[in-house]
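Dropping a structure here in structure tokens format, bear with me for questions.
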Amino acid sequence: MKLLKLTYLLIALVFFSCKNEPYEEIPTQAAGEYQNVPLSFEVPSNFPPLQYDIENNPPTETGFELGRRLFYEGRMASDNIVACGFCHIQEFAFTHHTHIVSHGVDGALGSRNAQPLQNLAFQNEFNWDGAAIHLDMQPIIPITNEVEMNESFTSIIAKLQAHPDYPRLFREAFENGEINSENILKALSQFMVMMVSSNSKYDKFRRNEGNVTLTANELQGMELFNQKCASCHAGELFTDQTYRNNGLAIDPQYNDIGRERVTGFPEDRYKFKVPNLRNVEVTFPYMHDGRFANLEAVLEHYRSGIQDTENVDESLRQTDGTLGIPMTDEEKARIIDFLKTLTDTDFIFDQRFSEF
Ligand code: HEC
Ligand code: HEC
């Protein structure tokens, strides 16, 4: 018995002494031998496969940090104010809270509502109409758009080169250390790829974590959602990533033709990307033009507001030809109860993604 105890003690000692052995000395920047530390990216177990080509641009500590700085950097815009984070506000899952359509430099009005930024690494196409087909390319649109940041890369690069911190941050983040458009876009992607929202009450329930259960109302709402909404808002991302017309009345002010703008096909007129619904409780106002202030209005649209416009999704038509998704008041309320289980406070308050 004593011998056994001693053996345990010895094993424990050996183990401990191994653990306490000094690590290889971490190279310091001061010594000129800075080494970039890769960040680990894990696909949540209930999620579909990753779409972003992470091997081509693996997030690292310094690349991510540079991306974060650039995301909140006013110098990325012509007025030195309108940073990405100006329109994409973390507490609202990176949407432009209270703004029906976003406004950019000099208060110029855009025509669309800012989308949430979350789980972007699981998507292939971006924007309401799919105008961007790679995450690394997406930021070129807001940066150069005259009603958003209205800036050019030449000018941004000059501003960053003259800044006290950026030359060092680029050297730390990228092997060639250059301040160029490629590295700016790569750093922004490293930051955005890490923005994974997968810790809502719903996720914990799905993964059977820590006895998290949904209430009877939420469960009933999930059931109803699966019957009435999940044909488009499908799977764990709550979008099948297709473009559809969900029957919104045409807004004469913008007459936004949606997907047709990208493809040129009349059969894509008024179709918009099916939005993911994670954190939907905080991403109001809703739809591509922010026309609905709250979820009650959204549900009422699906029940009674669907218009017979060009290319309206046929799945929204009942067998008797009327448009709409039949729901009682009670059912609408239960679906909203369920949608609120998609709020992920870990994500919207995650310090890693905040400005300061
Ligand atoms: C003036 C407000 C504004 C600014 C500034 C802005 N965005 Fe956006 N963002 C939007 C709007 C509006 C959309 C939807 C655009 C569309 O569909 O045409 C959007 C869409 C996106 C999307 C697509 C999300 C998806 O799910 O498809 C990404 C990614 C994005 N923005 C990242 C950025 C980055 C990075 C920056 C800074 C370089 C930035 N945005 C600056 C308003 C803004
Ligand atoms: C036929 C496909 C389809 C069905 C079915 C459907 N939706 Fe949608 N949903 C869409 C599309 C497309 C949009 C974006 C439309 C736009 O902005 O032009 C959207 C937008 C939304 C939005 C706004 C999200 C945002 O970020 O602005 C919410 C919320 C929503 N749907 C909830 C639901 C609920 C709840 C149901 C079931 C009662 C449902 N949807 C059924 C296709 C669908």
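Each ligand, and each atom within it, is numbered from 1 in the order the structure gives. Predicted model, so just to flag it, every value in this text is computed and none were measured.
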Notebook entry, point to check: Short N/O distance, under 3.5 Å, between F272 and ligand 2?
Noted result: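 So ligand 2 has no N or O lying under 3.5 Å from an N or O of F272.
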
Notebook entry, point to check: Considering only heavy atoms, does W128 approach ligand 2 within less than 4.0 Å through its side chain, its backbone, both, or neither?
Noted result: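 The side chain, only.
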
Next item on the list: Please indicate whether any nitrogen or oxygen in T283 is less than 3.5 Å from any nitrogen or oxygen in ligand 2.
Entry: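 Not met; the criterion fails.
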
Margin query: I'd like to know: is atom 8 (Fe) of ligand 2 within the 2.8 Å range of an N/O/S atom from Y302, strictly under that distance?
Written below: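 Yes, within the cut-off.
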
Check: Relative to the ring of F64, is the ring of F191 parallel (under 30°), tilted (30 to 60°) or perpendicular (over 60°)?
Finding: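 Correct class here is tilted.
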
Note to self: Closer than 3.5 angstrom, by distance alone: can the side chain of W128 be matched with the main-chain N or O of D289 as a donor-acceptor pair?
What the structure shows: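 The answer is no, because no donor-acceptor pair under 3.5 Å joins these two groups.
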
Item checked: Nearest-contact summary for atom 4 (C) of ligand 2 - protein heavy atom, Å ->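 Scanning the protein heavy atoms, the shortest distance from atom 4 (C) of ligand 2 goes to C232 SG, 3.4 Å.
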
Notebook entry, point to check: Under a 4.0 Å heavy-atom limit, does N113 contact ligand 2 with its side chain, its backbone, both, or neither?
Noted result: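 Looking at N113 and ligand 2, no heavy atom falls under 4.0 Å.
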
Next item on the list: Decide whether an N or O pair under 3.5 Å exists between K273 and ligand 1.
Entry: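 By distance alone, the answer is no.
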
Note to self: Please state which option from G258, A114, C229, G221 has its nearest heavy atom closest to atom 38 (C) of ligand 2.
What the structure shows: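 Heavy atom nearest to atom 38 (C) of ligand 2 belongs to C229.
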
Item checked: Within reach of ligand 1, part of Q138 (heavy-atom separation under 4.0 Å) ->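 It is the side chain that gets close, since no backbone atom is under 4.0 Å.
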
Check: ligand 2 versus V280, non-hydrogen atoms closer than 4.0 Å: side chain, backbone, both, neither?
Finding: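 Contact part for V280 vs ligand 2: side chain (C-beta onward).
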
Check: Where's the contact between Q115 and ligand 2, heavy-atom distance under 4.0 Å: side chain, backbone, both or neither?
Finding: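 For Q115, there is no contact with ligand 2 at all, from either part.
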
Check: So is there a nitrogen or oxygen of H103 less than 3.5 Å from a nitrogen or oxygen in ligand 1?
Finding: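 There is no such contact.
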
Next item on the list: Mark yes or no for whether D268, through its side chain, and R259, through its backbone, hold a donor-acceptor pair below 3.5 Å.
Entry: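 A pair under 3.5 Å: no.
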
Notebook entry, point to check: Is D289 touching ligand 2 with its side chain, its backbone, both, or neither, if touching means heavy atoms under 4.0 Å apart?
Noted result: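 Contact part for D289 vs ligand 2: neither.
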
Check: Would you say H96 and ligand 1 have an N/O pair spaced under 3.5 Å apart?
Finding: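 No; every N/O pair is 3.5 Å or more apart.
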
Notebook entry, point to check: Which bit of S231 gets closer than 4.0 Å to ligand 2, counting heavy atoms only: side chain, backbone, both or neither?
Noted result: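 Looking at S231 and ligand 2, just side chain atoms fall under 4.0 Å.
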
